Amino acid sequence: MMGDLVVGVDCSTTAAKAVVWDAQGRSHAQGRAEFPLSTPRHGWAEQNPEDWWTATREAVRRAAQGVDSRRLVALSITHQRETFACLTEDGHSLRPAMLWLDTRAVDEVAEFGTPEVHEITGKPPNPTPAWYKLLWLKEHEPDTLVRTGRIADVQAFLVHRLTGHWNTCWASADPLGLVDMRTFDYHDELVKQAGLQASQLPALFAPGDVLGHIRPDVADDLNLPHDIPVVAGVGDGQSAGLGCGVVRPGTAYLNLGTGMISGSYSDEYSFAKEYRVLAGAVPRSYAFETFIGGGTYNISWFVDKFAGVDSRALGLDLSAEQILETAAAQIPPGAEGLLCLPYWAGALTPYWDPHARGSLVGLTGRHGKSHVYRAILEGLAFEQRLLTDGQAGVLGQPITDIIALGGGSRSALWCSILADVLQRPVRLAGESESTCLGSGMLAAAAVGLQPGIREAGESMSSTTRVYEPDQLRSSTYDGFYQTYRQLYPRLREVFHQLGAVSAT
C-alpha cells in the first residue's frame with residue numbers, strides 16, 4: 001500500500017529522533033542522532049542551531065531508509081520548547097541558541113515578571129520563557145538583536161531548512177512567552193518590550209496545518225518523496241500529551257524524565273501560579289502543566305554521588321538503580337520516618353522559588369541507602385500530589401487518571417508509589433516514544449489518515465500496565481503527606497538565608 005506512513009520528529013535537548021508511524025500508531029522504523037549542549041557559565045545553557053539540523057537530517061534519513069520511502073506522505077516536528085536562536089534572514093546563527101533550561105535572566109524576571117505578563121502568556125514569572133532571555137540580550141548584547149533578522153524556535157529553524165519558509169505553530173512559539181494565549185497570536189507590547197518587530201518572528205499556524213512542502217533537493221537528501229508536506233507540530237510537552245491520548249478533561253500525562261512534567265487538557269483558558277499554560281495540540285485548546293525540575297535527575301544524582309553500588313563487583317547483571325529499587329521495596333511506606341523535599345533544581349510550580357533546595361528530613365542512625373532511595377521516590381510522589389491536587393482544586397476539574405511515560409515509568413516501585421500517593425490509577429503509555437508519536441498523529445490527521453487530531457490522539461495511543469492504588473498504603477501515605485506539605489513553607493526562609501550566606 002502506497003502513501004500510508006508519516007514521520008514524527010522530536011528534536012529534543014540532546015538528540016533528534018525520527019520515527020515512522022502508520023495510522024494505527026505502530027512504529028515501522030526510526031533513527032536517532034545526538035548533539036552537544038554547552039554550559040559556558042553557571043546557569044547558562046547553549047547550543048549551535050546547526051547541530052539541530054545536522055542531527056535531524058541524520059535521524060530522518062535513517063528512519064526513511066527503514067521503509068519504502070514512497071509510502072511516506074507527511075512529516076511533523078516536536079522540539080525542546082522555550083529554546084530559541086538569533087539568526088540572519090537566510091538562517092545563519094549570530095550567537096549560540098539559548099536553551100529552555102538557561103537561567104541567566106533572573107534579574108529580568110524580577111523586574112519584568114508582572115501579573116499582567118502572567119495573565120497574557122499563562123506563564124508565571126520564571127527564567128524559562130524566552131521573553132526574559134530576550135530582555136537579557138537587549139541589556140547585555142544589544143548589537144545581537146540589532147543584527148538579528150529572525151528569531152526562531154527550534155521548529156521554525158528546521159522548517160526553514162526543510163521548506164525555505166519562516167513558519168511555525170502557535171503551540172511551538174507560545175512557550176517563548178511572546179504569544180497572547182487568548183488570541184494565539186503575538187502580543188504587540190511584549191514583542192516591542194523585547195526590542196523586536198513582528199517581521200523578525202515566524203508566521204504562526206494552528207497545530208496540524210501545513211507549514212510548507214519539503215524542497216526537492218532536501219527531499220532527495222533525506223530519502224523522502226518530493227513535495228512532502230511539513231505539518232505544524234507542537235512543543236514536546238503538548239506532543240507527549242497528544243501521544244498519550246490526553247485530548248479530553250479528566251486525564252493527565254506524567255512524564256517521568258530528567259524533570260517531571262504533568263499536563264492536563266482544557267478547552268477554556270485560565271491562569272494561576274499552580275500551573276503554567278501552553279497552547280494545546282488540539283487547535284484552540286490548552287495544556288495546563290505542572291513541573292518538578294528534578295525527576296530522574298535526583299535519582300541519578302544519588303546513585304552517582306552517594307550510592308556506591310557496583311553491580312559488576314557483585315556479579316549481577318543489574319543496574320545500580322535496579323539493585324537499590326529491590327532493596328527499597330523492602331522498606332515500608334514512609335521510609336521509616338524519612339522525608340525528602342526534592343528541590344535539587346529549585347521549586348517550580350506552585351512556589352516558583354529558585355532559592356529552594358533539596359532536603360532530607362528525619363534522618364536517624366537506622367536509615368541507610370535503601371531508605372534514602374525510597375524517600376527520594378516518595379518525595380517526588382508527594383510533590384506530584386501537591387501539584388496535581390492543587391491544579392485540580394484551582395480548575396475545579398477532577399483528574400481521575402494518570403498516564404505515565406519516560407524513563408522513570410520503567411520503575412515498578414516508583415509507579416506503585418505514585419499510584420498510592422496520588423490515590424489514582426497510574427497507567428503506562430503503550431509507546432515509549434509518545435512525544436514522537438504526537439507528531440505522527442498531527443501528520444496523520446493533516447493528510448487524512450485520521451479524521452482529526454482528537455481522533456488520532458484517541459485511536460493511535462494505547463496503555464499497557466495499570467498500577468491501582470492500595471487502600472492501606474494510601475492511608476499510610478496520607479499521614480506522611482500532611483507532614484510533607486509543611487516542609488517547604490517552614491524551610492522557605494532558611495533556604496533564602498542559606499542562599500544569601502552562600503553568595504557572600
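It should be emphasised that the depicted structure is a prediction, and the values quoted were computed from it without experimental measurement.
In summary, the aromatic rings of Phe112 and Tyr132 are positioned with their centroids too far apart to meet the 6.0 Å limit. The six-membered or imidazole ring of Phe184 lies away from that of Tyr269, with a centre-to-centre distance of 6.0 Å or more. Between Trp44 and Trp136, the distance separating the two ring centers is shorter than 6.0 angstrom.
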Discussion item. Does Glu46 form a salt bridge (charged side-chain N to carboxylate O under 4.0 Å, His left out) with Lys133? I'd like the steps, not just the answer.
Written reply: CA-CA 12 Å; Glu46 300 180 336; Lys133 292 184 257 279; over 6 Å; no
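Sorted by first and then second residue, the salt bridge (Lys or Arg N to Asp or Glu O under 4.0 Å) pairs involving residues 11-25 (not counting sequence neighbours) are Asp10-Lys17, Lys17-Glu433, Asp22-Arg26.
A cation-pi arrangement is absent between Arg81 and Trp100, since the terminal nitrogen or guanidinium carbon is not both under 6.0 Å from the aromatic centre and inside a 45° cone about the axis. Seen from the ring of Phe382, Arg485 does not count as a face-on cation partner, given the 6.0 Å and 45° thresholds.
Without hydrogens or angle criteria, Thr349 side chain to Thr290 main chain gives no donor-acceptor distance under 3.5 Å. Within the 3.5 Å criterion, the main-chain N or O of Asp267 finds no donor-acceptor partner in the side chain of Ser285. Thr364 contributes a side-chain N or O that, together with a main-chain N or O of Arg366, makes up a donor-acceptor pair within less than 3.5 Å. The closest donor-acceptor contact from the side chain of Thr78 to the backbone of Val234 lies under 3.5 Å. A donor-acceptor pair under 3.5 Å links the side-chain atoms of Ser12 to the main chain of Ala15, judged by distance alone. A donor-acceptor pair under 3.5 Å links the side-chain atoms of Thr400 to the main chain of Gly250, judged by distance alone. In this structure, Asn298 contributes its side chain and Pro342 its backbone to a donor-acceptor pair below 3.5 Å.
A salt bridge links Asp401 to Arg427: one of the charged nitrogens lies within less than 4.0 Å of a carboxylate oxygen. Between Glu34 and Arg32 there is a salt bridge, with a side-chain nitrogen of the basic residue lying less than 4.0 Å from a carboxylate oxygen of the acidic one. With respect to the salt-bridge test (charged N to carboxylate O, under 4.0 angstrom), the residues Arg62 and Glu58 qualify. With respect to the salt-bridge test (charged N to carboxylate O, under 4.0 angstrom), the residues Asp478 and Arg473 do not qualify.
Side-chain contact check for Ile453 versus Pro283: some heavy-atom pair is nearer than 4.5 Å. Counting heavy atoms from C-beta on, the side chains of Met441 and Ser461 come closer than 4.5 Å. For the pair Met260 and Gln384, the minimum side-chain heavy-atom distance is below 4.5 Å. Counting heavy atoms from C-beta outward, Leu278 and Asp174 have side chains that approach closer than 4.5 Å.
In this structure, CG on Leu380 lies 8.0 Å from CG on Leu418, to the nearest 0.5 angstrom. Separation of atoms CD (Gln238) and OH (Tyr253) is listed at 7.0 Å; rounding is to 0.5 Å. Here the CD atom belonging to Gln423 is positioned 11.5 Å from the OG1 atom belonging to Thr388, to the nearest 0.5 angstrom. Between atom SG of residue Cys244 and atom CD1 of residue Ile402 there is a gap of 11.0 Å, rounded to the nearest 0.5 Å.
In this structure, the salt bridge (charged side-chain N to carboxylate O under 4.0 Å, His left out) partners of Glu119, at least two apart in sequence or on a different chain, are Arg182.
There is a side-chain donor-acceptor pair under 3.5 Å between Tyr275 and Ser270. Looking at Gln391 and Ser264, their side chains do bring a donor and an acceptor atom within 3.5 Å of each other. In this structure, a donor-acceptor pair under 3.5 Å is present between the side chains of Ser459 and Gln450. Glu378 and Tyr477 share a side-chain donor-acceptor pair at under 3.5 Å. The closest side-chain donor-acceptor pair between Tyr488 and Arg490, if any, does not fall under 3.5 angstrom.
Dense packing is recorded around CD of Gln482, with more than 12 heavy atoms of other residues, nucleotides or ligands lying under 6.0 Å away. Counted within 6.0 Å of CZ on Arg104, heavy atoms from surrounding residues, nucleotides or ligands total more than 12; the atom is thus considered enclosed.
The aromatic rings of His367 and His371 sit perpendicular to each other, their planes meeting at more than 60°, with 30° as the lower class boundary. Between Tyr351 and Tyr343, the angle of the ring planes goes over 60°, which puts this pair in the perpendicular group of the 30/60° scheme.
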